Each structure stands twice: as C-alpha cells, then as structure tokens.
Protein chains: 2
Amino acid sequence: MRALPLDAQAVASLDRTVHEPARLAVVACLAVVDEADFVFLQSQTGMTGGNLSSHVKKLEKAGFLTIRKEFVGAKPCTTLALTEAGRDAFKSYLTALRTLLRVMDGAGL
Amino acid sequence: MRALPLDAQAVASLDRTVHEPARLAVVACLAVVDEADFVFLQSQTGMTGGNLSSHVKKLEKAGFLTIRKEFVGAKPCTTLALTEAGRDAFKSYLTALRTLLRVMDGAGL
DNA sequence: TCGCTAAGTTTGCGACACAAACAAGTCTCC
DNA sequence: GGAGACTTGTTTGTGTCGCAAACTTAGCGA
C-alpha cells in the first residue's frame, strides 16, 4: 500500500487541551482580543456559566491563560487573557490544522 | 465590547464525531485513499487495534463509513470506506476549519 | 427588609477514549 | 499431526471529561 501524503499520527495526537471545541472557542476569542471578561466569553460562545468556568479552570491549570479577578464598581468581574504559553500552543495547533488542510486541498476536498 | 470577526459558537459546536483526533485521522486517511484496510489504518495512525476498532464502530454507527469483511487468501481482512454522508460531514468540518483559520490569518496568527 | 438578578463555582452523571485481555483462526516447525 | 507463535480483530474495564443543574455570594430595587 502506498505512502500517504498525510501524517495521520500527527492528527491523532492533536493536543486535546486546545482541540476540545469549547476551549478552542475560548482560546480563539482570546487570541484575537488579547483579553476578555467572563460574561463576554459566555455570550460569544453560548456556553453555560458552569461549563465555561470548568473549561477556563482547565486552561489555567495547563498554564494557557491567566485569570484576573477584580471589582468594576460594585460587581465582581473576571478577566481572562492568554499567557505566552497559551498563545504558542494555539499557534502550534493552527499550524497543525493548516498542514492538514493543505493535504486536503491537494486531494480536492 | 465590540463584535468579534469570529463565530465562537460555531467553533464550540464542532461535530465531535469527526473532530475527535483519532477519528479525524481515520476519516482523513479514508478521504484521500477512498478505502483502506484495518491494519493499514492502524499503522498509519499508530493506534492500538482495540482503540481503532471502537472508533471505527462509532463512525459506522454514525453512518460515516462502511465495513466490509472478507478473506484474502486464508486471512480475514476488514476494509473500510467513507460513505457519502461521511464524506459530506468531513467536507463540512473542513469548511469550518477553513473559516476559523481565515479569521486567524486576519489576526496575524 | 425581602426578593431578584448578576457572577461564578461545585457537584453529579452520563459519555467517551484508551489499552489490556480475550477470541478465533492460521502458519510453522519438529 | 500437534504445540506454540502470529495475525486479525473485538470486548471489557477504568479513568477522564464534558456538561448542566444546583448552589453560593453579593449587590440592587421596591
């Protein structure tokens, strides 16, 4: 059987921390706006608060974003931003996607 | 806060059936070769047999691929191929990725 | 004061990915 | 021809994870 132009192992081992759709949405948002507050992200992604909370926590645990809690007037407000590591991981992820898409372009898909 | 050029909800709701890395690798392989046998896929993806088996079963259940079992000489051989639905789902998925990447290109990532 | 809403977090459950164990048959070598 | 290794997959078990409902804490209005 001939060799494929596709690195299937690379695809199969994509980093799940950013690959997970919910987190990918969060990271993509933060990549374009640099920082955003919890409520804004919730509205953009359409996620429930609890869901967003747990994903944010996981991203923080991975060292991919920072959580800043402060009060704006009287209300609490959590602001999120990517770390350098988070941005790098996202860039690597995008590179992997581009590689895959290039192969598929070549195959007429 | 301004509107993003990014549809985060679309990202957050990517179809997990094909998005899952292991299955994405399988589907991508089948998309470029039209059909492939079990052992070949296993070598390409680096997955264990059991793992591949369960993912294949899930893709079949979703109607995304067909499983053909036959004997080649004395040995059993299962051959896998995408269905029309599987190919369509994969194309839609690729379209979603391209949309995301275009936004990220625009943001200098 | 008594809800009501906002802003998150914690908890619980169902789904899932993964690999080790297993099954069924074939080939090899003595 | 029979013992054991190999090939080709499947089943089972376990730990992880995603998700939303319930809960917490605190300001705001009537």
Side-chain angles (χ1 to χ4, degrees), chain A residues 1 8-30 35-62 64-81, chain B residues 1 8-30 35-62 64-81:
Chain A
M1 186 117 20
Q9 299 206 15
V11 174
S13 55
L14 282 169
D15 176 12
R16 281 197 172 66
T17 308
V18 303
H19 185 65
E20 156 66 30
R23 287 191 293 267
L24 182 56
V26 170
V27 171
C29 282
L30 291 176
E35 73 172 34
D37 62 273
F38 191 96
V39 175
F40 174 71
L41 279 183
Q42 192 177 343
S43 72
Q44 288 294 309
T45 60
M47 302 167 67
T48 62
N51 198 3
L52 180 55
S53 174
S54 63
H55 284 301
V56 161
K57 195 151 58 177
K58 178 154 294 199
L59 286 168
E60 186 200 21
K61 201 167 179 178
F64 287 178
L65 58 72
T66 54
I67 305 180
R68 193 179 76 236
K69 289 166 187 291
E70 58 191 346
F71 276 79
V72 173
K75 295 195 174 181
C77 177
T78 6
T79 303
L80 308 170
Chain B
M1 187 121 10
Q9 299 206 17
V11 174
S13 54
L14 282 169
D15 177 10
R16 279 195 171 68
T17 307
V18 302
H19 184 65
E20 158 63 31
R23 287 191 295 266
L24 182 55
V26 170
V27 171
C29 282
L30 292 177
E35 75 173 34
D37 63 275
F38 191 96
V39 177
F40 174 71
L41 278 182
Q42 192 178 344
S43 72
Q44 287 294 310
T45 59
M47 300 168 65
T48 62
N51 198 3
L52 179 56
S53 174
S54 64
H55 284 301
V56 161
K57 195 151 59 176
K58 179 155 292 195
L59 285 168
E60 185 200 22
K61 201 167 179 178
F64 287 178
L65 58 73
T66 55
I67 306 180
R68 193 180 76 235
K69 288 169 188 289
E70 58 190 346
F71 276 79
V72 174
K75 297 192 174 182
C77 177
T78 51
T79 303
L80 309 170

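Computed from a predicted model, the values in this text were never measured in an experiment. We name chains A, B, ... by the order of the sequence lines, and we start the count at 1 in each one.
To the nearest angstrom, P of D:dG27 lies 16 Å from CD of A:Glu70. For the pair A:Phe38 CZ and C:dA6 C1', the interatomic distance rounds to 12 Å; values are reported in whole Å. The separation between A:Phe40 atom CZ and C:dG8 atom P is 14 Å, rounded to whole Å. Separating the NZ atom of B:Lys57 from the P atom of C:dC18 is a distance of 16 Å, rounded to the nearest angstrom. With rounding to whole Å, B:Leu52 atom CG is found 10 Å from D:dG9 atom P. We find that NZ of B:Lys61 is positioned 12 Å from C1' of C:dC16, with the value rounded to whole Å. For the pair A:Leu24 CG and D:dG18 P, the interatomic distance rounds to 13 Å; values are reported in whole Å. Rounded to an integer number of Å, the gap from B:Asp37 CG to D:dT8 C1' is 11 Å.
Atoms CG and CD, on A:Leu80 and A:Glu35 in that order, are 9.0 Å from each other to the nearest 0.5 Å. Atom CZ of residue B:Phe64 and atom CG of residue B:Asp15 lie 5.5 Å apart, to the nearest 0.5 angstrom.
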Within the sub-3.5 Å range, which N or O atoms of nucleotides 14-17 of chain D have a protein N or O partner, and how far apart are they?
{"unit_1": "D:dC17", "atom_1": "O5'", "unit_2": "A:Lys58", "atom_2": "NZ", "d": "3.4"}

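Formation of a donor-acceptor pair under 3.5 Å by the B:Arg23 side chain with backbone atoms of B:His55 is not found in this model.
Side-chain N/O atoms of A:Lys69 include none lying less than 4.0 angstrom from OP1 or OP2 on C:dA7. An OP1 or OP2 oxygen of C:dC18 is reached within less than 4.0 angstrom by a side-chain nitrogen or oxygen of A:Arg16.
Map A:Ile67 and A:Ala12 each onto its nearest nucleotide of DNA chain C; the residue landing nearer the 5' end is A:Ile67.
Listed by first then second residue, pairs satisfying salt bridge (Lys or Arg N to Asp or Glu O under 4.0 Å) with a partner in residues 48-59 of chain B number zero, not counting sequence neighbours.
Of all heavy-atom pairs spanning A:Ile67 and A:Thr78, the tightest one is CG2-CG2, 3.7 Å. Summarising the geometry of B:Leu65 relative to B:Val56, their closest heavy-atom pair is CD1-O, 3.9 Å, with the distance given to 0.1 Å. The shortest non-hydrogen separation linking A:Glu70 to A:Thr79 is OE2-OG1, 3.7 Å. Across B:Pro21 and A:Ala12, no two heavy atoms sit closer than the pair CB-O, 3.4 Å. Between B:Leu52 and B:Gln42, the shortest heavy-atom contact is CD2-N, 3.7 Å.
Picking from D:dG9, D:dT11, C:dC18 the nucleotide with the shortest atom distance to the side chain of B:Thr78 gives D:dG9.
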Next item on the list: Sugar-phosphate atoms are those with a prime plus P, OP1 and OP2; base atoms are the rest. Using that split, label each nucleotide of nucleotides 19-24 of chain C B, S or - for protein heavy atoms under 4.0 Å, 5' to 3'.
Entry: BB----
